[in-house]
Structure formats: C-alpha cells, structure tokens
Amino acid sequence: QVQLVESGGGLVQAGGSLRLSCAASGRTFSYYRMGWFRQAPGKEREFIATISASGSSIYYAESVKGRFTISRDNAKNTVYLQMNSLKPEDTAVYYCAADNTLAVTITPDKYDYWGQGTQVTVSS
C-alpha cells in the first residue's frame, strides 16, 4: 500500500503560479512512477504529467507543456507539480497517483494508488 496526500492547491489569478506537493508513505516511494491528473466538474479525469521512479523520464500532456513542471525528491518521498502561467481552464481538482510499472502511463486506470485531491481554482 502507498498512501498519497496532496497539498498546495488554492485560488490564484490567471497568469499566476502554484506548486502542488504530494507526500507518499507506505511502500518504497522510489519504486513507483508518479503521475499528476486533474478533473474538472462534469469532465473525465485528465492526464497532466508523469515522472519515472528515478526521475530520469518525464512526459507531459500537450495542454500543460511549457507551463507545468513535474519533479520528485525520493529522499523526501514527495512529488511536485510546479504550475506557471495558469489559465482559468486549469481549474480542477488535482490528483497525484502512483504506478509500479516502468512504462510511461497516461491512463488513470493503470495507476494503483491515488491521493484525495487538492482544488485549484484560477480566476480570470
């Protein structure tokens, strides 16, 4: 089992920045690929970014490429999502997730563990 807890969400104006954190506990964090997803009201959960267990491989959704940065600190059992140049359409609940496979995974059903989510609201 891996327990994930997101933090760092909030209300920000368009063009602003937020940094989300996801703290992990339980099984060895450094074994897991980590991903960030988001879900807006009435929409399906959307892939944002994923980072390999070592941090050497990163993949972004086109909608956030160049604005968001995923990173991890295995010594702190934490994965981060730095979000810059935020837009109103980035408003959603943001989730982190853990996956114990090596391949790049962008579909939610492939991830084994999920956090409870943190709300991000971007005002225009």
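The structure displayed is predicted, hence computed values, not measured ones.
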*Asks:* With a distance cut-off below 6.0 Å to the six-membered ring centre and an angular limit of 45° from the axis, does Arg72 pair with Phe29 as a cation-pi contact?
*Replies:* yes

*Asks:* If you look only at pairs with a residue in residues 46-88, which of them pass as a disulfide bond (SG atoms under 2.5 Å apart), with sequence neighbours excluded?
*Replies:* none

*Asks:* Counting only N and O atoms by type, is there a donor-acceptor contact under 3.5 Å from the side chain of Tyr59 to the main-chain atoms of Thr105?
*Replies:* no

*Asks:* Measuring from atom CD1 of Ile106 to atom CD of Glu46, what distance do you get when rounded to the nearest 0.5 angstrom?
*Replies:* 10.5 Å

*Asks:* Over 60° means perpendicular and under 30° means parallel, so tell me whether Tyr111 and Phe37 are parallel, tilted or perpendicular.
*Replies:* perpendicular

*Asks:* Can a donor-acceptor pair be found between the side chains of Thr28 and Ser30 at a distance below 3.5 Å?
*Replies:* no

*Asks:* Does the side chain of Thr78 come under 3.5 Å of the side chain of Asp73 through a donor N or O and an acceptor N or O?
*Replies:* no

*Asks:* Working to the nearest 0.5 angstrom, can you tell me the gap between Tyr32 OH and Asp99 CG?
*Replies:* 9.5 Å

*Asks:* Do Val2 and Tyr31 share a hydrophobic cluster (ILVMFWY, side-chain heavy atoms under 4.5 Å, transitive)?
*Replies:* yes

*Asks:* At what distance, to the nearest 0.5 angstrom, does CD of Gln82 lie from CD1 of Ile70?
*Replies:* 12.5 Å

*Asks:* Mind checking whether Leu18 and Val120 have side chains closer than 4.5 Å, heavy atoms only?
*Replies:* yes

*Asks:* I need the full list of disulfide bond (SG atoms under 2.5 Å apart) pairs touching residues 15-98, with sequence neighbours left out, sorted by first then second residue.
*Replies:* Cys22-Cys96

*Asks:* Take Ile51 and Val79 through the test side-chain contact (heavy atoms from CB on, under 4.5 Å) and record every step on the way to the result.
*Replies:* CA-CA 9 Å; Ile51 185 168; Val79 62; 4.1 Å; yes

*Asks:* If you round to the nearest 0.5 Å, how far is OG of Ser25 from CG of Asn77?
*Replies:* 8.0 Å

*Asks:* For Thr69 and Tyr80: C-alpha separation, side-chain torsions, deciding distance, then whether side-chain contact (heavy atoms from CB on, under 4.5 Å) applies.
*Replies:* CA-CA 8 Å; Thr69 302; Tyr80 304 97; over 6 Å; no

*Asks:* Can you check whether Ser57's main-chain N or O pairs, donor with acceptor, with Ser52's side chain at less than 3.5 Å?
*Replies:* yes

*Asks:* Run the ring-centre check on Trp36 versus Phe47 and record whether the distance is less than 6.0 Å.
*Replies:* no

*Asks:* Hey, quick one: are Phe68 and Val12 part of the same hydrophobic cluster, counting side-chain heavy atoms closer than 4.5 Å, chains of contacts allowed?
*Replies:* yes

*Asks:* For the pair Asp112 (side chain) and Asn100 (backbone), establish whether a donor and an acceptor sit closer than 3.5 Å, ignoring hydrogens and angles.
*Replies:* yes

*Asks:* Does the structure place the NZ or CZ of Arg38 under 6.0 Å from the centre of the six-membered ring of Tyr95, at an angle of no more than 45° from the ring's axis?
*Replies:* no

*Asks:* Check side-chain hydrogen bond (donor to acceptor under 3.5 Å, both in side chains) between Ser124 and all other residues, then give those that pass, not counting sequence neighbours.
*Replies:* none

*Asks:* Just checking Tyr113: does its OH atom have more than 12 heavy atoms from other residues, nucleotides or ligands closer to it than 6.0 angstrom?
*Replies:* yes

*Asks:* Quick check against the 3.5 Å criterion: does Thr50 have a side-chain atom that pairs as donor or acceptor with the backbone of Met34?
*Replies:* yes

*Asks:* Could you pull out the closest heavy-atom pair between Pro88 and Ala14, with the gap in Å?
*Replies:* CD-CB, 4.1 Å

*Asks:* Is there a side-chain contact between Gln119 and Thr91 (heavy atoms, below 4.5 Å)?
*Replies:* yes

*Asks:* Using 0.5 Å steps for rounding, measure from the CG atom of Leu20 to the CE atom of Met83.
*Replies:* 4.0 Å

*Asks:* Is Gln13 reaching over with its side chain to a backbone N or O of Ser123, donor-acceptor style, under 3.5 angstrom?
*Replies:* no

*Asks:* Would a 4.5 Å heavy-atom cut-off, applied to side chains only, mark Leu81 and Tyr94 as touching?
*Replies:* yes

*Asks:* Distance from Ser71 atom OG to Ile58 atom CD1, nearest 0.5 Å?
*Replies:* 7.5 Å

